[in-house]
Amino acid sequence: MKKGGLKDENIIVFMYDDIAFNVDNPNQGVIINRPVGRNVYTNVPKDYTGKNLTTKNFFAAILGYKKAIKGGSGKVLDSGPNDHIFIFYSDHGSAGMLGMPQNEPAIYAKDFIEVLKKKHASNTYKSMVIYLEACESGSIFDGLLPNNLSIYATTASNPDESSYATYCDGDPGVPSEYNNTCLGDLYSISWMEDRLKNRTSEMSHVSEYGDVHLSSNYLSLYIALESRKPNQTYSMTNQFRANYSIVRRAPEGSKQKIEAQKRLDDVISQRKHVDQTVQAIAKQLFGESRGPSYLTKNRPAGTPLVDDWDCFKAMVSTYEEHCGSLQSYGKKYARAFANFCNAGIHIDRMAQVSAQVCAK
């Protein structure tokens, strides 16, 4: 963007900022997103980091509500009717939800769409393009984003599949010191290298929503592109599994391996708890034979994930109240909670069963 002439005042960056100086980063102060890549951390205008990276600030920045901003640079989209807006969002995702760092509440699809509708009603942009990198990211727009808002959205995956990481240890050219991680997400890296759909469709299905006529625009209308077309083939790793290699790679008996194993054991324990409790709740609600089907049932394409979004939010919060945080892994059951609502389960019944299951 900056190489293309955009000024910092026209770029708003939300980043948790826990990578560059993380203890596990082999090159302190450096972030690369491709093999032998340059440091992309240098001179990034970090507007909202750490505790200031919140859903409320994100929505306020889009809408241009400067008075609603809490902390950070205070920068918002002070756009006008002839401006073009580009939004890129990357985090964990699940059915109908986008992840936020730490314990910050997730972004729900219906709330995001309502913000976009308000932005359109304010007549403060000419066109908007959204690139969304997250698992099940199609569920954020499918059946929800109207085609008359001059907004074109493309997602890393359709409503019911994972997105994937890439440039992982063992791939051609990846420096050996990065042997416990993946440097990028496949969809994100692909659009930055101008090779999006053909490359990403090897694993997940890039999807588009909204005003698809805008897809004929050049992305350079919104940002500058530095086209890179490497000729190697790289592996793709499911985001949920990308962090496991640190234990495998650490030297036997080392402090690093012991600490990594403890973290891994804690993660596995939490995941087992979520798996067991959500599955038990489904069986309590619908019976032993029918319960499992409600965990993964998909609605037809073009149909929103859930009819009652308030119910959906209440289902998630009720589970967490009685059973603990879902965390990133547990949000894969978001579709199950949506299915509970679509099946007519009342929130009081959900609370009763959750309390019963998680009290054991």
Given Val316, Leu98, Ile140, the one that forms side-chain contact (heavy atoms from CB on, under 4.5 Å) with Tyr108:
Val316
For Thr318 and Met315, indicate whether the former's side chain and the latter's backbone hold a donor-acceptor pair under 3.5 Å.
no
Given the options Tyr152, Tyr89, Tyr209, Phe86, Tyr131 meets ring-ring contact (aromatic ring centres under 6.0 Å, His included) only with Phe86
Can a salt bridge be assigned to the pair Lys2 and Asp8 using a cut-off of 4.0 Å between side-chain N and carboxylate O?
yes
Contacts of Thr42 meeting side-chain hydrogen bond (donor to acceptor under 3.5 Å, both in side chains) (sequence neighbours excluded), chain-then-number -> Asn39
With sequence neighbours left out, what residues match Asp275 under salt bridge (charged side-chain N to carboxylate O under 4.0 Å, His left out)?
Lys332
Keeping to residues at least two apart or across chains, list the salt bridge (Lys or Arg N to Asp or Glu O under 4.0 Å) pairs with something in residues 66-82.
Asp47-Lys75
Side chain to side chain, Val306 and Cys311, heavy atoms closer than 4.5 Å:
no
Does any N or O in the side chain of Asn25 come within less than 3.5 Å of the main-chain N or O of Ile19, such that one atom is a donor and the other an acceptor?
yes
Is the shortest side-chain heavy-atom distance between Met15 and Tyr48 below 4.5 Å?
no
Side chains of Gln102 and Tyr16, heavy atoms from C-beta outward: is any pair under 4.5 Å?
yes
Listed by chain and number, what are the side-chain hydrogen bond (donor to acceptor under 3.5 Å, both in side chains) partners of Tyr125, not counting sequence neighbours?
none
side-chain hydrogen bond (donor to acceptor under 3.5 Å, both in side chains) evaluation trace for Gln261 with Asp265
CA-CA 6 Å; Gln261 185 64 58; Asp265 290 343; 2.9 Å; yes
Give a yes or no on whether the backbone of Ala134 and the side-chain of Ser137 come within a donor-acceptor separation of less than 3.5 Å.
yes
For Lys56, what residues pass the salt bridge (charged side-chain N to carboxylate O under 4.0 Å, His left out) criterion, not counting sequence neighbours?
none
Residue set satisfying salt bridge (charged side-chain N to carboxylate O under 4.0 Å, His left out) with Asp308, at least two apart, ordered chain then number -> none
Is there side-chain contact between Phe88 and Ser188, with at least one heavy-atom pair below 4.5 Å?
yes
Okay, side chain of Gln284, backbone of Gly291: is any donor-acceptor separation there less than 3.5 Å?
no
Arg299 side-chain N/O to Pro304 backbone N/O, donor-acceptor pair under 3.5 Å
yes
Taking only residues two or more places apart in sequence or in another chain, which ones pass salt bridge (charged side-chain N to carboxylate O under 4.0 Å, His left out) with Asp160?
none
side-chain contact (heavy atoms from CB on, under 4.5 Å) partner of Ile87, the single match among Ile151, Ile12, Leu132, Ile130:
Ile130
If you define the side chain from C-beta out and look only at heavy atoms, does anything of Pro35 sit under 4.5 Å from Tyr167?
yes
Applying side-chain hydrogen bond (donor to acceptor under 3.5 Å, both in side chains), can you list everything that pairs with Ser139, at least two apart in sequence or on another chain?
none
Residue pairs passing the salt bridge (Lys or Arg N to Asp or Glu O under 4.0 Å) test where at least one lies in residues 112-126, sequence neighbours excluded
Glu114-Lys117
Report yes or no: does Gln28 contribute a side-chain atom to a donor-acceptor pair with the main-chain N or O of Asn22 at less than 3.5 Å?
yes
Shortest non-hydrogen pair, Gly74 vs Ile69, comes out as CA-CG2, 4.0 Å
Quick one: does Leu326's side chain get under 4.5 Å of Glu320's, heavy atoms only?
yes
By side-chain hydrogen bond (donor to acceptor under 3.5 Å, both in side chains), which residues pair with Thr296, not counting sequence neighbours?
none
Are any side-chain N or O atoms of Ser79 and backbone N or O atoms of Asp83, one a donor and one an acceptor, separated by less than 3.5 Å?
no
I'd like to check the side chain to side chain contact (heavy atoms under 4.5 Å, CB included) partners of Pro105; sequence neighbours left out, ordered by chain and number.
none
Parallel, tilted or perpendicular: which describes the rings of Phe14 and Phe58, with under 30° parallel and over 60° perpendicular?
perpendicular
Hey, are the side chains of Tyr41 and Val30 touching, using non-hydrogen atoms and a 4.5 Å cut-off?
no
Quick one: does any side-chain atom of Ser157 pair with a main-chain N or O of Glu136 as donor and acceptor, under 3.5 Å?
yes
Using atom types as modelled, flag every donor-acceptor pair under 3.5 Å from a side chain in residues 339-350 to any protein atom, sequence neighbours excluded.
{"from": "Asn339", "atom 1": "ND2", "to": "Tyr294", "atom 2": "O", "distance (Å)": "2.9"}
{"from": "Asn339", "atom 1": "ND2", "to": "Lys297", "atom 2": "O", "distance (Å)": "3.1"}
{"from": "Asn339", "atom 1": "ND2", "to": "Arg335", "atom 2": "O", "distance (Å)": "3.3"}
{"from": "Asn342", "atom 1": "OD1", "to": "Asp307", "atom 2": "N", "distance (Å)": "3.2"}
{"from": "Asn342", "atom 1": "ND2", "to": "Leu305", "atom 2": "O", "distance (Å)": "3.1"}
{"from": "Asn342", "atom 1": "ND2", "to": "Ala338", "atom 2": "O", "distance (Å)": "3.3"}
{"from": "His346", "atom 1": "ND1", "to": "Asp348", "atom 2": "N", "distance (Å)": "3.0"}
{"from": "Arg349", "atom 1": "NH1", "to": "Gln352", "atom 2": "OE1", "distance (Å)": "3.0"}

Determine whether a donor-acceptor pair (N or O, by modelled atom type, separation under 3.5 Å) exists between the side chain of Glu104 and the backbone of Leu53.
no
Side chain to side chain, Thr154 and Ser207, heavy atoms closer than 4.5 Å
no
Check: Ser127 main-chain N/O paired with Ser150 side-chain donor or acceptor under 3.5 Å:
no
